[in-house]
Amino acid sequence: MPESTLFEDKYDKIVDLARRRGFFWPSYEIYGGVAGFYDLGPLGTMLKVNIVNLWREYFVLKHQDFVTEIETPVIAPEVLFRASGHLDHFTDPIVECLECGRKYRADHLVEELAGLKAEGSDVEELDSIIRERGLRCPQCGGDLSEVRTFNLLFRTTIGPYSSDVGYLRPEAAQGMFSAFKRAFVAMRERLPLGIAQIGRVARNEISPRQGMVRLREFTIMEVEFFHDPEGEDPPWDRFSGKLRLLPAEARLRGEEKPVEIGVVEAIDEGIIKNKWLGYWMCVSREFVRELGIEYGETYFEEKLPHERAHYSAQTFDQVVRISRWGWIEVSGHAYRTDYDLRRHMELSGQDMTVFKPFKEPRIVEVERVVADKSVLGRVLGPSMAPFLEALKRMSPDEVKRALEGPGETVTIAGFEVPKSAVRVVKEREKVSGTRFVPHVAEPSFGAERLVLAVLDKAYTEDEGRVVLRIPRRVAPVKVAVFPLLEKEELVRVAREVYMKLMSLGLTVVYDESGSIGRRYARADEIGVPYAVTVDFQTLSDNTVTIRDRDTKQQIRVSLGELHRRLLELLGLAAATALSP
RNA sequence: GCGGCGGUCGUCCAGCCUGGUCUAGGACGCCGGCCUUCCACGCCGGAGAUCCCGGGUUCGAAUCCCGGCCGCCGCACCA
């Protein structure tokens with residue numbers, strides 16, 4: 001029995017509310033809709049903007065001493081995804097039953113039916129195994145089609161030539177990797193360096209079905225954190241503490257409950273293979289908590305090797321339990337090692353290494369090949385250039401071996417040269433550092449899933465009324481302003497208050513229709529944390545009431561201090577600390 | 001992609017089996033009016049649906065049949 005059935009299935013109610021009040025709805029509805037695409041409505045857009053900004057606060061602003069944000073295009077040339085491995089790996093081999101039409105992962109089918117290790121085999125291998133062994137559809141026994149691959153990248157062309165193939169990015173990461181050197185120089189060549197990006201990505205999912213959980217296009221929030229794996233420790237004084245983890249080996253034992261363990265301990269014990277991966281998991285835990293998801297409602301599940309992406313040495317998914325769908329992944333934490341930068345070095349020919357100074361310069365003895373060009377020039381003439389090229393590619397040991405043997409001349413790399421013209425010398429050299437390819441730890445969030453998770457956690461009912469207990473910081477509308485009654489003198493003051501709060505930068509709604517109770521209910525339903533009511537007492541002493549969404553408690557404050565009190569209540573007071 | 005179930009005002013649902021009386025009904029929500037001094041009050045009125053799309057059967061289709069699209073569930077798939 002799935003765990004999710006133990007919880008009241010609020011999903012339908014949330015979807016209903018989302019449509020009615022304008023959080024989100026399926027895209028292109030007038031044409032029947034297209035699976036995997038959702039619009040965000042007025043409230044959904046504001047909520048998402050707030051979530052995105054909170055993410056930026058945690059991942060960028062609180063780390064702006066070493067994390068910076070950039071923006072790169074959604075469309076990229078084919079070579080980028082050849083380098084990243086997505087053209088080859090962001091794909092699945094599929095066979096189809098010609099009788100019943102069922103589709104199977106070809107490698108899984110071969111493993112299951114033939115008992116062979118097939119994961120990673122190419123299409124031809126899988127195809128021939130299926131033919132040789134006469135594998136058939138496990139469901140109906142029908143003939144199987146040829147193995148083909150389905151790539152989840154959306155393909156397009158760049159400009160008028162169909163040969164200029166481009167793809168919509170399935171992750172923002174590759175834009176950051178390909179711009180690494182620029183950003184690194186702009187950030188004054190210091191490591192560690194986090195490059196953050198918030199942007200749209202697209203994945204051509206075969207059959208997206210879980211509403212806002214699985215979209216073909218969504219907003220991703222990622223940090224590619226470039227660092228030296230042997231370098232300095234993360235700033236544990238900023239984020240640290242215990243993580244709820246479900247390690248892969250525990251999953252293999254059949255465990256389903258996460259264990260709670262201090263992050264530093266988890267790193268020391270090798271459960272988390274990279275310390276920055278662990279650090280950003282701590283940041284993620286706090287960020288998600290501020291969205292209204294308590295520690296006990298989220299944990300990090302390590303992916304098994306075959307579940308991991310091709311670039312990852314270790315992956316944890318941060319999961320959150322919501323109604324209907326159970327535990328859903330809201331963020332992925334991948335230790336990408338130096339895979340991506342190395343691949344981009346190979347395909348672009350550009351150097352992506354970073355200089356790492358030693359604490360003390362070292363004097364080392366090195367062997368170097370020295371060529372006497374004045375001699376060689378006379379002997380080789382125009383052949384000197386190719387000879388020097390070939391020589392450069394040889395190690396000192398190889399050269400030494402070539403120089404052994406009798407006679408005045410030797411043949412090196414096919415060129416006959418005088419022995420005296422090539423020497424291997426030992427030199428003492430001062431080395432102040434070394435170059436290496438930075439490693440990457442990547443926390444990556446899907447914004448729309450967070451919108452859904454926030455709504456799911458916030459959704460409550462109180463005597464048949466819906467109250468969205470959205471955390472104040474991310475509530476789309478912060479304040480509602482009402483006249484107690486629709487009397488001209490109350491309306492006038494209430495409208496003034498409304499305009500004033502709006503001009504001071506708060507998101508505010510004004511409502512005068514229906515009873516005061518109905519208006520509170522309408523505000524509660526879209527998660528407005530505070531409602532300000534102008535009543536008859538206001539007219540005599542300039543005070544109004546502030547009513548709390550969650551407790552229904554009211555306090556009375558003067559109009560003069562209303563704005564400041566609201567900022568305090570909303571947790572935004574710090575932003576105005578310097579205001580008069 | 002397969003199988004099952006479904007698609008009717010903004011929302012939820014009735015009607016469909018047994019074709020006509022459906023100019024498609026109700027509730028909630030929305031708008032207006034009256035009433036109302038703090039938690040969806042009451043009364044009155046109004047707007048709002050080419051019944052998912054296309055085709056077929058029929059004198060006549062929301063209703064029956066076929067195809068498509070979309071959604072949910074199961075399978076499969078899923079960075």
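From a predicted model like this one, the values you see are computed outputs, not experimental measurements. First the proteins, then the strands, lettered A, B, ... as listed; each starts at 1.
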>> Let's test this: given Watson-Crick or G-U wobble pairing with both distances under 3.5 Å, identify the partner of C2(B).
In response: G74(B)
> Counting side-chain heavy atoms from CB outward, which of C70(B), C38(B), U11(B) is closest to A35(A)?
Replying inline: C70(B)
>> Distance check needed: A79(B) C1' versus N204(A) CG, whole Å only.
In response: 15 Å
> With a non-hydrogen cut-off below 4.0 angstrom, is G332(A) in contact with a base, only sugar-phosphate, or nothing?
Replying inline: nothing
>> Which is more 5' along RNA chain B, the nucleotide nearest R556(A) or the one nearest E329(A)? Just name the residue.
In response: R556(A)
> C38(B) base to Y520(A) side chain: any donor-acceptor pair below 3.5 Å?
Replying inline: yes
>> Looking at C41(B), I'd like to know if its phosphate oxygens (OP1 or OP2) sit under 4.0 Å from a side-chain N or O belonging to S515(A).
In response: yes
> Between L490(A) (CG) and U36(B) (C1'), how many Å, whole number?
Replying inline: 13 Å
> Expressed as a whole number of Å, how far does the C1' atom of C72(B) sit from that of C34(B)?
Replying inline: 45 Å
> Taking 4.0 angstrom as the limit, do K487(A) and D535(A) come out as a salt bridge?
Replying inline: no
> D524(A) and salt bridge (Lys or Arg N to Asp or Glu O under 4.0 Å): which partner among R21(A), R547(A), R469(A)?
Replying inline: R547(A)
> Between U37(B), C73(B), C39(B), which nucleotide has the shortest distance from any of its atoms to the side chain of K552(A)?
Replying inline: C39(B)
> Quick one: R547(A) CZ to C39(B) C1', roughly how many Å, whole number?
Replying inline: 6 Å
> Could you give the CD-to-P distance, from E525(A) to A40(B), as a whole number of Å?
Replying inline: 14 Å
> Any chance the rings of F81(A) and F90(A) have centres within less than 6.0 Å?
Replying inline: no
>> Below 30° counts as parallel, above 60° as perpendicular, anything between as tilted: where do the rings of Y339(A) and H310(A) land?
In response: perpendicular
>> Just to be sure I understand the rule, does G514(A) reach a base, reach only the sugar-phosphate, or reach nothing, if contact means heavy atoms closer than 4.0 Å?
In response: nothing
>> So if I take every side-chain heavy atom of T533(A) and compare against C38(B), G71(B), A40(B), which nucleotide ends up nearest?
In response: C38(B)
>> Quick one, V532(A) and L562(A) - any side-chain contact, counting heavy atoms below 4.5 Å?
In response: yes
> Taking the same atom, C1', in U23(B) and in G68(B), what whole-Å distance lies between them?
Replying inline: 31 Å
> Atom CZ in F316(A), atom NE2 in H333(A): separation rounded to 0.5 Å?
Replying inline: 10.0 Å
>> If the cut-off is 4.0 Å, is R21(A) near the phosphate of G29(B), judged by side-chain N/O to OP1 or OP2?
In response: no
> Between C31(B), A79(B), U37(B), which nucleotide gets closest to the side-chain atoms of S513(A)?
Replying inline: C31(B)
>> Rounding to an integer number of angstrom, what distance separates U63(B) and U57(B) when you compare their C1' atoms?
In response: 13 Å
> Across all strands shown, which nucleotide pairs with U63(B) by Watson-Crick or G-U wobble geometry, both distances under 3.5 Å?
Replying inline: none
> Does any nucleotide pair with C43(B) by Watson-Crick or G-U wobble geometry, both distances under 3.5 Å, and what is it?
Replying inline: G33(B)
> Of L490(A), T538(A), I516(A), V544(A), which meets side chain to side chain contact (heavy atoms under 4.5 Å, CB included) against T533(A)?
Replying inline: I516(A)
>> Of the options C38(B), C77(B), A79(B), whose atoms approach the side-chain atoms of E171(A) most closely?
In response: A79(B)
> Taking atom C1' in both C16(B) and C51(B), what distance in whole Å separates the two?
Replying inline: 11 Å
> Does R20(A) put a side-chain nitrogen or oxygen below 4.0 Å from OP1 or OP2 of C12(B)?
Replying inline: no
> For A79(B), does OP1 or OP2 lie under 4.0 Å from any side-chain N or O of S444(A)?
Replying inline: no
>> Let's see if you can work this out: which of A40(B), C73(B), A79(B) has an atom nearest to the side-chain heavy atoms of W325(A)?
In response: C73(B)
>> Side chain of Q554(A) only, heavy atoms from C-beta on: which candidate in U37(B), U11(B), C39(B) is closest?
In response: C39(B)
> Does R518(A) place a side-chain N or O at less than 4.0 Å from the phosphate oxygens OP1/OP2 of C30(B)?
Replying inline: yes
> In whole angstrom, what separates E486(A)'s CD from C35(B)'s C1'?
Replying inline: 12 Å
> Got a salt bridge between K552(A) and D462(A), using NZ or NE/NH1/NH2 to carboxylate O under 4.0 Å?
Replying inline: yes
>> Suppose we define a pair by two distances each less than 3.5 Å, Watson-Crick or G-U wobble; what does C12(B) pair with here?
In response: G26(B)
>> Applying the Watson-Crick and G-U wobble criteria at under 3.5 Å, what pairs with U18(B)? Answer none if nothing qualifies.
In response: none
>> Nearest to the side chain of R522(A), heavy atoms from C-beta on, is which of C39(B), A40(B), C30(B)?
In response: C30(B)
> Could you give the distance from CG (L501(A)) to NE2 (H563(A)), rounded to the nearest 0.5 Å?
Replying inline: 6.5 Å
> Is a donor-acceptor contact shorter than 3.5 angstrom present between the side chain of H89(A) and the base of A79(B)?
Replying inline: no
> Taking atom P of A40(B) as reference, at what distance in whole Å does atom CZ of F482(A) sit?
Replying inline: 13 Å
> Which of these nucleotides, U11(B), C38(B), U36(B), is closest to any side-chain atom of D535(A)?
Replying inline: C38(B)
> Rounding to a whole Å, what distance do you find between Y11(A):OH and C72(B):C1'?
Replying inline: 10 Å
> Given the P atoms of C17(B) and C64(B), what is the spacing between them in whole Å?
Replying inline: 5 Å
>> Say we look at U50(B) and G45(B): how far apart would their C1' atoms be, to the nearest angstrom?
In response: 26 Å
>> Students often get this wrong, so: under 4.0 angstrom with heavy atoms, is V532(A) touching a base, only sugar-phosphate, or nothing?
In response: nothing
> Want to settle it: does T545(A) or R203(A) sit nearer the 5' end of RNA chain B, counting the closest nucleotide to each?
Replying inline: T545(A)
> Rounded to the Å, how far apart are R214(A) CZ and C70(B) P?
Replying inline: 15 Å
> Counting any heavy atom closer than 4.0 Å, what does F90(A) reach on the DNA or RNA strands: base, sugar-phosphate only, or nothing?
Replying inline: base
>> Between C31(B) and C38(B), how many Å separate the two C1' atoms, rounded to a whole number?
In response: 24 Å
> Is any side-chain nitrogen or oxygen of R465(A) closer than 4.0 Å to OP1 or OP2 of C39(B)?
Replying inline: no
> How far does the P atom of G67(B) sit from the matching atom of G3(B), given to the nearest Å?
Replying inline: 10 Å
